[in-house]
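Notes follow the structure.
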Amino acid sequence: MNKRLSQKIFFTLFRLISLMIVIVLFSILGFIIFNGAKSISWHFLTQMPTDGMTKGGIFPAIVGTLILVLGSMIFAFPVGVAAAIYMNEYVKEGPVKRFMRLMTSNLAGVPSIVFGLFGMALFVNQLHFGDSIIAGSLTLGLLALPVVIRTTEEALKQVDDSFRLASIGLGATKLQTIGKVTLPIAFPNIITGLILSIGRVSGETAPILFTVAAYFLPKLPHSIFDQVMALPYHLYVIATSGTNITESRPIAYGTALVLISIVLICNITASVIRNVLGKRNK
Amino acid sequence: MTPKIETKNLQLYYGAHHALKGIDFSANANTVTALIGPSGCGKSTFLRCFNRMNDLIDGCDVEGQILIDGMNINDRYLNVDELRKKVGMVFQKPNPFPKSIFENVAYGLRINGINEKKILEEKVEKALKQAALWEEVKDNLKKSAMSISGGQQQRLCIARALAVEPSLVLMDEPTSALDPISTSKVEELIYQLKEKYTILIVTHNMQQAARVSDKTAFFYIGEMIEYNDTTEIFTNPKIERTQNYITGRFG
Ligand SMILES: Nc1ncnc2c1ncn2[C@@H]1O[C@H](COP(=O)(O)OP(=O)(O)O)[C@@H](O)[C@H]1O
Ligand SMILES: [Mg+2]
């Protein structure tokens with residue numbers, strides 16, 4: 001067959017496939033927006049659920065998800081960044097580093113329900129936190145850890161060595177170099193990783209299932225040892241086992257829309273930050 | 001007079017690779033010494049001995065004495081961070097930090113714990129003047145260092161190195177990434193700097209070595225083949241290999 005023709009066929013095929021991905025994404029979005037938009041109102045976003053979760057709002061679930069995201073990041077961000085700094089700036093290439101890399105990627109591959117089970121065994125039972133914000137946050141934090149480590153490591157790797165050498169050459173210690181040169185340069189990409197993992201964490205159901213999520217709790221928490229509702233679990237509940245599934249369907253779609261909006265906003269913010277801060281470094 | 005810098009039977013190994021073979025070298029204060037020789041002969045390696053940057057390379061092993069002002073710096077117990085504050089380095093490719101022009105020059109000072117605005121401003125201005133960059137950037141000190149030209153960036157890197165007032169400055173092919181006009185500016189600068197500093201400069205450019213240096217050392221596969229006054233090396237080399245190199249008969 002003619003080379004140019006076969007090129008053409010293949011590129012057309014690739015283009016169609018890429019187009020299909022876009023179509024799938026927009027169909028999902030369109031479907032959720034179409035079904036969920038009618039439910040969205042100020043009332044919906046700020047009120048407690050009522051009438052067996054068939055009426056009212058999803059306020060406690062929104063607050064719960066935000067708290068869990070914040071809590072998981074307070075844990076995962078410093079720990080993940082520190083681990084990545086250690087791996088990228090201190091450990092020399094060799095078996096130790098390879099082993100740590102392998103462990104990190106294995107951790108990333110652990111199914112989220114297993115994290116949930118582990119979180120329940122360790123935080124809820126062993127450490128006696130009970131079903132609580134702290135147990136859920138730590139479990140979600142563990143889940144986010146490999147993502148934070150990997151994106152931070154990538155970000156650090158992209159920092160040109162010539163900057164490190166310049167700093168060391170001026171008499172800066174390794175720690176000063178990391179704090180004053182390497183981290184500031186890597187910062188936009190590290191933040192991008194952080195926000196992407198926020199998107200990931202906010203949508204997870206399995207890790208919070210046994211560690212924090214409340215089926216129905218129409219009030220806000222008072223301490224980190226309280227339970228909270230959370231958007232993904234609330235969605236699961238009213239879509240599968242609520243008191244009246246058909247009647248709460250609009251609320252389910254509204255919840256899905258809020259959840260997907262949070263994730264999308266995170267992703268868009270991440271790319272904006274990367275572009276804006278990234279340019280400043282050029 | 002004690003020489004400013006000296007090496008005695010300096011041996012350097014990268015693992016099994018013997019990269020510097022028994023170098024005996026010395027240079028007086030306030031002189032410029034050019035290091036020439038074909039690629040891979042060990043010029044950069046030799047330069048990095050004086051601020052112990054070879055420490056950062058895995059499997060690099062240095063034997064023999066390296067003296068600065070009569071003190072052996074090839075000592076396990078030496079504080080290398082302090083050493084590097086006294087020995088400035090300028091790299092082949094300009095590598096300013098993605099910070100403002102001011103913050104680039106102030107970096108080494110801040111590392112030293114100097115944070116008082118007035119002192120910083122004074123020292124930054126002084127360093128930029130020494131690097132012959134002040135007039136061009138004095139109104140734009142807040143501008144990103146990434147936005148100025150390559151030649152200006154290299155002079156900024158020189159200013160950054162000078163700001164901490166080192167006594168020895170190491171330059172590894174500082175003009176190889178620059179255009180001819182920037183190159184001649186940097187050369188002029190080097191010539192003026194020797195009033196205050198001792199300078200070691202690696203260069204591939206024979207004319208540059210002849211123009212800026214007092215003494216020239218010719219390296220070949222890890223050995224210092226010939227070391228003499230620059231005029232002697234270029235007009236009357238004692239060793240045939242040196243002559244072949246400077247006349248361009250091999251590369
Ligand atoms: N980091 C390193 N690890 C191993 N070998 C190196 C390293 N740097 C340089 N070498 C080797 O040491 C020799 C001298 O290199 P270098 O000092 O860079 O030469 P020059 O600057 O004269 O071109 C070369 O053979 C080079 O391959
Ligand atoms: Mg070199």
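Every chain is numbered from 1, with letters handed out A, B, ... down the list of sequences.
One distance of note links OG1 of A/T177 with CD1 of B/I111; it measures 6.5 Å at 0.5 Å rounding. Between B/F97 atom CZ and A/R164 atom CZ the span is 11.5 Å, to the nearest 0.5 Å. Atom CZ of B/R48 is separated from atom CG of A/L165 by 9.0 Å, given to the nearest 0.5 angstrom. Taking CD of A/E93 as the start and CG of B/D58 as the end, the distance is 9.5 Å to the nearest 0.5 Å. Taking CG of A/L170 as the start and CE of B/M89 as the end, the distance is 11.0 Å to the nearest 0.5 Å. Within the model, atoms NZ of A/K180 and CD of B/E103 stand 8.5 Å from one another, a figure rounded to the nearest 0.5 Å.
Around CD of B/E195, the count of heavy atoms belonging to other residues, nucleotides or ligands within 6.0 Å does not exceed 12. Within a 6.0 Å radius of CZ in A/F99, other residues, nucleotides and ligands contribute 12 heavy atoms or fewer. By the neighbour-count criterion of 12 heavy atoms within 6.0 Å, atom NZ of A/K97 is densely surrounded, having more than that number from other residues, nucleotides or ligands. For B/K123, the NZ atom sits in a loose shell: 12 or fewer heavy atoms of surrounding residues, nucleotides or ligands are nearer than 6.0 Å. Atom NZ of B/K194 sits in a crowded spot, with more than 12 heavy atoms from other residues, nucleotides or ligands closer than 6.0 Å. Counted within 6.0 Å of CG on A/L25, heavy atoms from surrounding residues, nucleotides or ligands total more than 12; the atom is thus considered enclosed.
Taking all atoms of both residues into account, the shortest heavy-atom contact from A/F163 to B/M146 is CZ-CE, 3.9 Å. Scanning all heavy atoms of the two residues, the minimum distance from A/A172 to B/D81 falls at O-OD1, 3.8 Å.
Within the 4.5 angstrom heavy-atom criterion, no atom of B/R52 approaches chain A. When heavy atoms are compared at a cutoff of 4.5 Å, B/P96 approaches chain A solely by way of its backbone atoms N, CA, C and O. For chain B, no part of A/K174 is nearby; none of its heavy atoms comes within less than 4.5 Å. Residue contact with chain A, scored on non-hydrogen atoms closer than 4.5 Å, involves the backbone of B/V87 exclusively. Contacts of B/L56 with chain A are made by side-chain atoms alone, with heavy-atom separations under 4.5 Å and no backbone atom involved. Interface residue B/K99: only side-chain heavy atoms are found under 4.5 Å from chain A.
B/N95 contributes a side-chain N or O that, together with a main-chain N or O of A/S162, makes up a donor-acceptor pair within less than 3.5 Å.
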